[in-house]
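What follows is a set of notes on a single structure, which appears directly below.
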Amino acid sequence: MNKFTHRKTIISGIIIGVFGICIVQLFNLQVIDESYKLSAINNAQRTETQYPARGLIYDRNQELLVYNQAAYDLMIIPRQVKVFDTLELISILGISKETLEKNIHKCKHYSNFKASILISQITDSKYARLQEKLYKYPGFFMQTRTLRKYNVAHSADVFGYIGEVSPAQIERDSNYALGDYIGINGLEKSYETVLRGTKGKRILLVDNYNRVKGSYHNGDYDVPAIVGGNITTTLDIKLQEYAYQLMRNKKGGIVAIEPSTGEILLKVSSPGYDPQLLVGLERGMNYRKLQADENTPLFDRTVMASYPPGSTFKTIQALIGLQEGVITPESRFECHGGYFFNGLRMGCHNHASPLDLKASIQHSCNPYYVNVWRRILENSKYPNVREAYGNWRKYVMSFGLGQKICPDFRNELSGSIPSQEYYDKVHKTKNWHWMYIMSLSIGQGELLITPLQIANIAACIANRGYYMTPHIVRPSEQVSNYVEKHIVPIDRKNFEIVIDGMQMAAGGGTARSASIDSIIVCGKTGTVQNPHGADHSVFMAFAPKDNPKIAIAVYVENGIWGATYAAPIAGLIMEKYLTGKISPRKKDLEQRMMNANLLPVSKQPKNTENEENIGD
């Protein structure tokens, strides 16, 4: 082989090698490496998620409570972003440079090629300004969303709110992606799968400025979104609004139930907040303000606040005493000067003595119920106080106490009815004495009950021995609420006796401020000791006496006596619901309740160390 031929072979080999490398690289770029393909596709087309309108929420009378409004998200595809005017963008959006940079970094971390939300919940005015300038920002585009809109400025504890889904939630449920919204609490959370609907998608053709030029294949590959399902609540929103007016500038909770169905007619946690505060760009700032508010408006006092029930609990003590046969309706106990035992005094009101059972409820006699308590726990049917207490506890829990009773609220707490084991540990013996837990006789001590549970007690008494599962959303094709009847193991005749006493209390006893003209109200007041300030005012009732339409519990923190605030507020609400108006004789009382301000905690003199609170 001559020198020329050898050189020709080398050059040919180099050319073939270069072509081989080019072919391999082209194969790698077009077949193996997807990044350039994705980039080309992303430059020519864009897939937009079509978000469904969230389901609507109505009250029991088909009043629209929660609906949707248009809003917009600023989306970003990081790979397509070019140098842009940062100052102009943050000026339009009303955010800081640091926030913008942090969000861009977050989107890049999620994906360089996929679109993700840079700024969510942009209002119409900002959207209009941004849309005019968007051609200057390659890699950015707007996406239409819907946000919640409320027809009322209260009841946030009922509705809850929606927020961006967390990475943990995305991992648990493949229906969600970064930037999606999900119910955080309240009905929005409990009925998320009903309300959310199903997402769709739309594939668009875009130019190099990310401007839409049409649909890909005339929309043949688009998937329409499916609108979320509606839910109908059991709330009477007009009654709810009236209750909020009465609880203005007060801490506490109100729950009213329709006894025959278990439907919750109203649920008020006060102080509350306007649910619209947690919608839009300012929601984060507003949430921090609500968190910092010393009146804790984010805390749901109807299902999360566990309070001692006070003297409202005497109705249950009377029912158990009757059922166990340790008292009769004619049982009388001396109560002048209170009840004394081993240096401890249980005080009482200044009323006639001795009293029978019905009159003890009418006048809320503390010594009477200490005697009932002693007889229940020293009942000869049981070998000791501990066993008698265990039996008593079963009766108490049959009223729905010490457990969660409303499936519609995920934040509901069970309260507490202490077990025998609890007192074994406290007293370091199983042979404890009834006197050690004497406070339980009048609804104090370690008993903890929510306002919802107190309202449920009233409903159970109104029904003469059973309650329906309390619920705030009506069953439908999309909502499969399981509402069942819960029977209390106490004879109906015993309920009638206690109900007569409650009628006497509302007619001329401690609860007379809750009376309604021409309607028989049955109620029971309570005053609850509070070591942190003025005592709490509590009241439960139902009306009418026969064929009851409403059962209610009102709990007013620092309201001092049960008859001072809780009873009149309950009476006004029941009158409004049953008659549609407030009688002229109650107008002054109504104004007094609305104008009362209990938020600055009053400094009330406390009882002496050896004396229980005397009442209601």
Quick one: do Asn185 and Asp157 satisfy side chain to side chain contact (heavy atoms under 4.5 Å, CB included)? Show the steps, please.
CA-CA 8 Å; Asn185 62 7; Asp157 58 292; over 6 Å; no

May I have the step-by-step check of salt bridge (Lys or Arg N to Asp or Glu O under 4.0 Å) for Arg585 and Asp517, ending in yes or no?
CA-CA 10 Å; Arg585 75 176 183 89; Asp517 295 341; 2.9 Å; yes

With side chain to side chain donor-acceptor pair (under 3.5 Å) as the criterion, how do Asn366 and Lys314 come out once you've worked through the C-alpha distance, each side chain's angles and the decisive distance to 0.1 Å?
CA-CA 9 Å; Asn366 288 343; Lys314 291 172 182 173; 2.6 Å; yes

Evaluate the criterion side chain to side chain contact (heavy atoms under 4.5 Å, CB included) for residue pair Asn558 and Asp535; output intermediate values, then yes/no.
CA-CA 5 Å; Asn558 313 121; Asp535 291 337; over 6 Å; no

Would you sort out whether Ser360 and Tyr369 count as a side chain to side chain donor-acceptor pair (under 3.5 Å), showing the intermediate values?
CA-CA 8 Å; Ser360 76; Tyr369 287 92; 2.8 Å; yes

For Arg148 and Ile162, what are the C-alpha separation, side-chain angles and deciding distance, and is it a side chain to side chain contact (heavy atoms under 4.5 Å, CB included)?
CA-CA 8 Å; Arg148 286 315 220 182; Ile162 60 174; 4.2 Å; yes

Which is it for Val152 and Phe159 under the side chain to side chain contact (heavy atoms under 4.5 Å, CB included) test, yes or no, and what are the steps along the way?
CA-CA 11 Å; Val152 293; Phe159 306 136; 3.7 Å; yes

Please walk me through it: do Tyr382 and Asn391 pass side chain to side chain donor-acceptor pair (under 3.5 Å)?
CA-CA 9 Å; Tyr382 306 100; Asn391 186 67; 2.6 Å; yes

How far apart are the C-alpha atoms of Arg492 and Glu496, what are their side-chain angles, what is the distance that settles it, and do they pass the salt bridge (Lys or Arg N to Asp or Glu O under 4.0 Å) test?
CA-CA 7 Å; Arg492 183 185 177 95; Glu496 295 294 355; 3.7 Å; yes

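Annotation for Ile497 and Lys358: closest pair O-CG, 3.8 Å, computed over non-hydrogen atoms. Between Ile573 and Leu239, the shortest heavy-atom contact is O-CD1, 3.6 Å. Across all non-hydrogen atoms, the minimal contact from Thr312 to Thr315 is O-OG1, 2.8 Å. For the residue pair Trp561 and Thr527, the shortest heavy atom distance occurs at CA-OG1, 3.3 Å. Pairing each heavy atom of Ile417 with each of Arg393, the nearest pair is O-NE, 2.7 Å. The nearest pair of heavy atoms linking Gly252 to Tyr307 is CA-OH, 4.3 Å.
The shortest distance between side-chain heavy atoms of Pro367 and Val370 does not fall below 4.5 Å. Proximity of Leu65 to Asn151: side-chain heavy atoms (C-beta onward) are nowhere separated by under 4.5 Å. Ile320 places none of its side-chain heavy atoms less than 4.5 Å from the side chain of Leu322. Side-chain contact between Ile257 and Ile550 is absent, with no heavy-atom pair separated by less than 4.5 Å. At least one side-chain heavy atom of Val158 sits less than 4.5 Å from a side-chain heavy atom of Leu187. Looking at heavy atoms from C-beta onward, Leu572 lies in side-chain contact with Leu246 at the 4.5 angstrom threshold. The shortest side-chain heavy-atom distance between Val473 and Tyr191 falls under the 4.5 Å cut-off.
Residues Gln317 and Trp373 have side chains that never bring a donor and an acceptor to within less than 3.5 angstrom of each other. For the residue pair Tyr242/Glu590, the side-chain donor-acceptor check at 3.5 Å is satisfied. Between the side chains of Ser155 and Gln240, a donor-acceptor pair is found at a separation under 3.5 Å. In this structure, a donor-acceptor pair under 3.5 Å is absent between the side chains of His471 and Thr234. Counted by atom type alone, Glu324 and Tyr395 present one or more donor-acceptor pairs between their side chains at under 3.5 Å.
Remark: Lys238 NZ is loosely packed, at most 12 non-hydrogen atoms of other residues, nucleotides or ligands lying under 6.0 Å away. Lys381 NZ: more than 12 foreign heavy atoms inside a 6.0 Å radius. Crowding of Asn597 atom CG: a count of heavy atoms from other residues, nucleotides or ligands under 6.0 Å exceeding 12.
Ion pair Glu421/Arg386 flagged as a salt bridge, since at least one NZ, NE, NH1 or NH2 atom sits closer than 4.0 Å to an Asp/Glu carboxylate oxygen. With respect to Asp546 and Arg464, a salt bridge is recorded, a charged nitrogen being found less than 4.0 Å from a carboxylate O.
Atom OH of residue Tyr466 and atom CD1 of residue Ile487 lie 9.5 Å apart, to the nearest 0.5 angstrom. With values rounded to the nearest 0.5 angstrom, Phe333 atom CZ is found 4.5 Å from Asn371 atom CG. Here Ser441 contributes atom OG and Gln444 contributes atom CD; the two are 9.0 Å apart, rounded to the nearest 0.5 Å. Taking CD1 of Ile472 as the start and CG of Asp408 as the end, the distance is 7.0 Å to the nearest 0.5 Å. How far OG of Ser537 is from NZ of Lys250: 11.0 Å, rounded to the nearest 0.5 Å. Between the OG1 atom in Thr450 and the NZ atom in Lys404 there is a gap of 11.5 Å [rounded to 0.5 Å].
Phe313 and Trp392 have perpendicular rings, their planes meeting at more than 60° on a 0 to 90° scale where under 30° would count as parallel. Note: Tyr423 and Tyr389 have perpendicular aromatic rings, judged against thresholds of 30 and 60 degrees for the angle between ring planes. By the 30° and 60° cut-offs, the orientation of the rings of Tyr436 relative to His427 is tilted.
Looking only at distances, a side-chain donor or acceptor of Asp356 sits under 3.5 Å from a matching main-chain atom of Ala359. Side-chain atoms of Asn463 come within 3.5 Å of backbone atoms of Pro259 as a donor-acceptor pair (strictly under, hydrogens ignored). Within the 3.5 Å criterion, the main-chain N or O of Tyr58 finds no donor-acceptor partner in the side chain of Glu63. Formation of a donor-acceptor pair under 3.5 Å by the Thr579 side chain with backbone atoms of Lys576 is not found in this model. Remark: the backbone N or O of Met397 is paired with a side-chain donor or acceptor of Gln403 at under 3.5 angstrom. In this structure, Arg54 contributes its side chain and Glu188 its backbone to a donor-acceptor pair below 3.5 Å. Checking side-chain atoms of Asp293 against main-chain N and O of Pro297 turns up no donor-acceptor pair under 3.5 Å. In this structure, Asp59 contributes its side chain and Asn61 its backbone to a donor-acceptor pair below 3.5 Å. Put simply, the side chain of Asn456 never gets that close to the backbone of Leu452: no donor and acceptor are under 3.5 Å apart. Side-chain atoms of Asn530 come within 3.5 Å of backbone atoms of Ala534 as a donor-acceptor pair (strictly under, hydrogens ignored).
Geometric assessment of Lys549 against the ring of Phe542 yields a negative cation-pi assignment under the 6.0 Å and 45° thresholds.
Test Arg301, His532, Lys251 against Glu557 for side-chain hydrogen bond (donor to acceptor under 3.5 Å, both in side chains) and you get one pass: Arg301.
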